[in-house]
Amino acid sequence: MTASTRQPVPGQAPAGQSVDDQPVQNQVPPLTGFNLFLSDRTLVQAVEREGAGWAREHISELGRFLGTEEAQRWGFEANENKPVLHTHDRFGNRRDEVVFHPAWHNLMRTSVENRLHCLPWEPAKRSGAHVARAALMMLTAQNEAGHTCPISMTYSAVAALRAEPDLAAEWEPRILSSIYDPQFAPAQQKSGVLLGMGMTEKQGGSDVRANTTRAEKIGSSREYLITGHKWFCSAPMCDAFLILAQSPKGLSCFLLPRFTPSGERNHFYLQRLKDKLGNRSNASSEVEFAQAWAHLVGEEGRGIQTIIEMVNHTRLDCSIAAAGLMRQALAQAVHHASHRRAFGKLLIEQPLMRNVLADLAIESEAATLLMVRLAHSFDARESSERERAFCRIATAIAKYWLCKRSPVHVGEALECLGGNGYVEESIMPRLYREAPLYSIWEGSGNVMCLDVLRALTKDPAPLEALLAELQSTAGADERLDVYVTAIQQKLSSKASNGSPHDYAARELTEKLALALQASLLIRHSSPAIADAFIASRLAGQHGSAFGTLPEAANVSSIVTAVAEPLGS
Ligand SMILES: Cc1cc2nc3c(=O)[nH]c(=O)nc-3n(C[C@H](O)[C@H](O)[C@H](O)COP(=O)(O)OP(=O)(O)OC[C@H]3O[C@@H](n4cnc5c(N)ncnc54)[C@H](O)[C@@H]3O)c2cc1C
C-alpha cells in the first residue's frame with residue numbers, strides 16, 4: 001500500500017495531513033475577559049475600607065480593560081520585543097535613544113491616562129488617593145509589570161522634587177499631565193513628562209555613600225555639572241532623573257534632564273542595555289555623564305535625606321507589585337485547576353491540590369491586606385503622627401516580606417499549571433522572572449531588614465505605632481497574643497543588651513510581618529483564612545513548602561472564595 005492509499009488509523013493523522021487535526025482535550029481556556037478588580041473581593045473591600053471608595057468606578061474600569069485579550073496581548077508583545085538601544089545614528093552622531101515596541105507605548109499610555117504616575121499629587125487630591133493608586137498599580141502589575149518602572153519612578157520622584165519648590169513648580173504641571181508623550185524632545189516642548197532615578201554605581205548600590213560621580217557648581221547658582229556614571233539607570237527615555245553625586249559638601253541630590261534648559265541634548269550617554277533575567281519590556285541602561293547639566297534638589301550634602309522620600313514611595317510600589325504578582329499567579333492557578341482533570345477529577349477537587357491552592361490564597365490575601373494598609377499609611381501620615389511612625393517601619397517590613405514571598409509563591413502557582421505553566425504562552429514564566437526583582441530593587445532584602453532595625457532604634461515612635469496596631473486585635477486569638485508577646489520580650493531583652501543585632505534582623509522582620517498580617521486578617525478577612533494563616537504561619541502547624549496546611553484548615557471555603565468571583 002502506498003502512502004497515498006493508506007487508511008487513517010484512529011488517533012493518528014491521515015498520511016499527508018497535519019497532526020494539528022488531533023482533537024484538543026482537557027486543555028484549559030485562557031483566563032481572559034474578566035475584571036481583575038471585581039474578581040478580587042479582598043481588594044474591592046480594602047479599597048472601600050481604606051477611604052478610596054470614590055475611585056471604585058475608575059479602578060473597576062481599568063480592571064475590566066486589563067482582563068481583555070487586547071491588554072494581555074500588549075503585555076506579551078512588549079516582552080517578546082525587547083527595547084533596542086541606538087547609541088549613534090547612521091552618520092556616527094550620538095543618538096542615545098532606546099526604541100520600544102508599540103505595545104510598550106500602549107501600556108505606558110494606558111497607565112499615564114489612568115494617572116498611575118501622579119494621582120496622589122494632583123492639586124484636587126482626595127483622601128485615600130494613595131490607596132486608590134495602589135489598587136490601580138496592583139492591577140496593572142498583574143498584566144505587565146515592566147512598564148510600571150518609569151510610572152513608579154515618576155510618581156515617587158514628586159515626593160523628593162518638592163524639596164526644591166521652584167523646580168517642582170516648573171516640572172509638576174507636565175508630570176501631572178494625563179498625556180503620554182514619548183517624543184524625545186526638550187521637556188518644554190512636551191505635553192507630559194516622566195522621571196527616573198540614578199543612584200546605583202559600579203562600586204555600590206546599597207551603599208550609595210560610595211558614589212564617585214562628581215558635581216561641580218556653575219557660578220553661584222544651584223546649577224551643577226555632573227561627571228561620572230550610573231551602573232543601573234532604568235527607563236532611560238525618561239525626561240529627567242533624580243541622581244546622587246558628590247558635591248563639595250558631600251553626597252547631594254540633583255535633577256538631571258535629558259535636555260538642558262536651553263534645549264540642547266544634555267551630556268547623558270547611554271553605554272549599553274542590561275541583558276536581564278526578566279523585566280524585559282523595560283530598558284535598564286548603563287549611563288555616563290560628561291559635564292551634564294543638573295539642578296540641585298534640597299540641601300547640598302543631604303542627598304540621601306532628599307532622595308529617601310522617592311525611595312520610600314518606590315518601596316511602597318515594590319510591595320504593591322509583589323502583591324499583584326501573587327494575586328495574578330493565584331488567579332491563574334485556581335483557574336487552571338478549575339478546568340483541568342487528572343485521575344478522574346478536576347484538579348481543584350483533588351484534596352492535595354486544594355491544600356496547595358488554599359495555602360497560596362492565604363498568602364495572597366495577607367499580602368494584599370498588608371500592601372493596602374501600607375498605602376493607607378501614606379495617605380494618613382499627612383495628618384497623623386502615629387500613621388507617620390507606622391509608615392516608617394511598615395514600609396521596610398512590607399517591602400522585605402512581600403518581595404521575599406512572591407518568588408516562592410509564584411513558583412508554586414506556576415507548578416499548579418503543570419508543564420503549561422513552564423511555557424511562555426502562559427503568563428507564568430514572566431511573573432516568575434519578574435518576582436525576584438522587587439526584592440533587589442530599592443533596598444535588597446538585607447538592607448530592608450537593617451532598615452527595620454534602624455526604625456526600631458532611632459526613635460521609639462515606629463515600634464509604638466506598630467504595637468498599637470497589633471494591640472487592636474489583642475485577645476482575638478491566643479496564638480497571636482503569644483506570638484506578639486514573644487516578639488516584645490525578645491525586643492526588650494535585646495534593648496537591655498544594647499540594640500538588636502544585625503545578624504538576626506531577618507528573623508525579627510519576618511516575625512513582625514507575620515504578626516501584622518495575622519492582625520490584619522483577623523480584622524478584615526474570613527475566620528477561615530485568619531485561622532489557617534495563624535495556625536500555619538504563627539503556630540508552627542505548617543511545613544516548609546506550600547500545601548502543608550493543617551487538617552483543620554477550612555480549605556474548601558478558602559478556595560471557593562477565590563474561584564467563584566473568577567467565574568472559574
Ligand atoms: C533590573 C534592574 C533595574 C535597576 N534600575 C535601577 C535604576 O533605575 N536606578 C538605580 O539607581 N538603580 C537601579 N537598579 C539597581 C538596584 O537598585 C541595586 O542593584 C540594588 O540597590 C542593590 O545594589 P547592588 O546591586 O550594588 O548590590 P550590593 O549593594 O553590592 O548588595 C549585594 C547584596 O549585599 C547585601 N548587603 C548590602 N549591604 C549589606 C549589609 N550591610 N549587610 C548585609 N547585607 C548587605 C544586599 O542586600 C544585596 O543582597 C536596578 C537593578 C536591577 C536589577
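Atoms within a ligand are numbered from 1 in the order they appear, just like the ligands themselves.
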Query raised in the report: Side-chain contact, heavy-atom cut-off 4.5 Å: Pro182 with Phe100?
Result: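 Sidechains of Phe100 and Pro182: no contact.
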Report task. Compare all side-chain heavy atoms of Leu520 with those of Val372 and state whether any distance is below 4.5 angstrom. Result ->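 SC-SC contact between Leu520 and Val372 ruled out.
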Scan the side chains in residues 405-413 for donor-acceptor partners under 3.5 Å anywhere in the protein, sequence neighbours excluded, and list what turns up.
{"unit_1": "Arg405", "atom_1": "NE", "unit_2": "Glu363", "atom_2": "OE2", "d": "2.9"}
{"unit_1": "Arg405", "atom_1": "NH2", "unit_2": "Glu363", "atom_2": "OE1", "d": "3.2"}
{"unit_1": "His409", "atom_1": "NE2", "unit_2": "Leu360", "atom_2": "O", "d": "3.0"}

Query - Set of side-chain hydrogen bond (donor to acceptor under 3.5 Å, both in side chains) partners for Ser234, sequence neighbours left out - result: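 So Ser234 forms a side-chain hydrogen bond (donor to acceptor under 3.5 Å, both in side chains) with Ser284.
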Query raised in the report: Under the side-chain hydrogen bond (donor to acceptor under 3.5 Å, both in side chains) test, which residues partner Thr260, sequence neighbours left out?
Result: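 If we apply the side-chain hydrogen bond (donor to acceptor under 3.5 Å, both in side chains) test to Thr260, skipping adjacent residues, the hits are Ser262.
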Report task. List, ordered by chain and residue number, the protein residues whose closest non-hydrogen atom lies under 4.0 Å from any atom of ligand 1. Result ->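 Residues Met197, Gly198, Met199, Thr200, Gly204, Gly205, Ser206, Phe232, Cys233, Ser234, Lys276, Ser284, Leu437, Ile440, Trp441, Glu442, Ser444, Asn446, Val447, Leu450 each place a heavy atom under 4.0 Å from ligand 1, listed by chain and number.
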Requested in this report: Would you give the length of the straight line joining atom NE2 of His86 to atom CG of Asp96, rounded to the nearest 0.5 angstrom?
Outcome: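 Interatomic distance, His86 NE2 to Asp96 CG, rounded to 0.5 Å: 11.5 Å.
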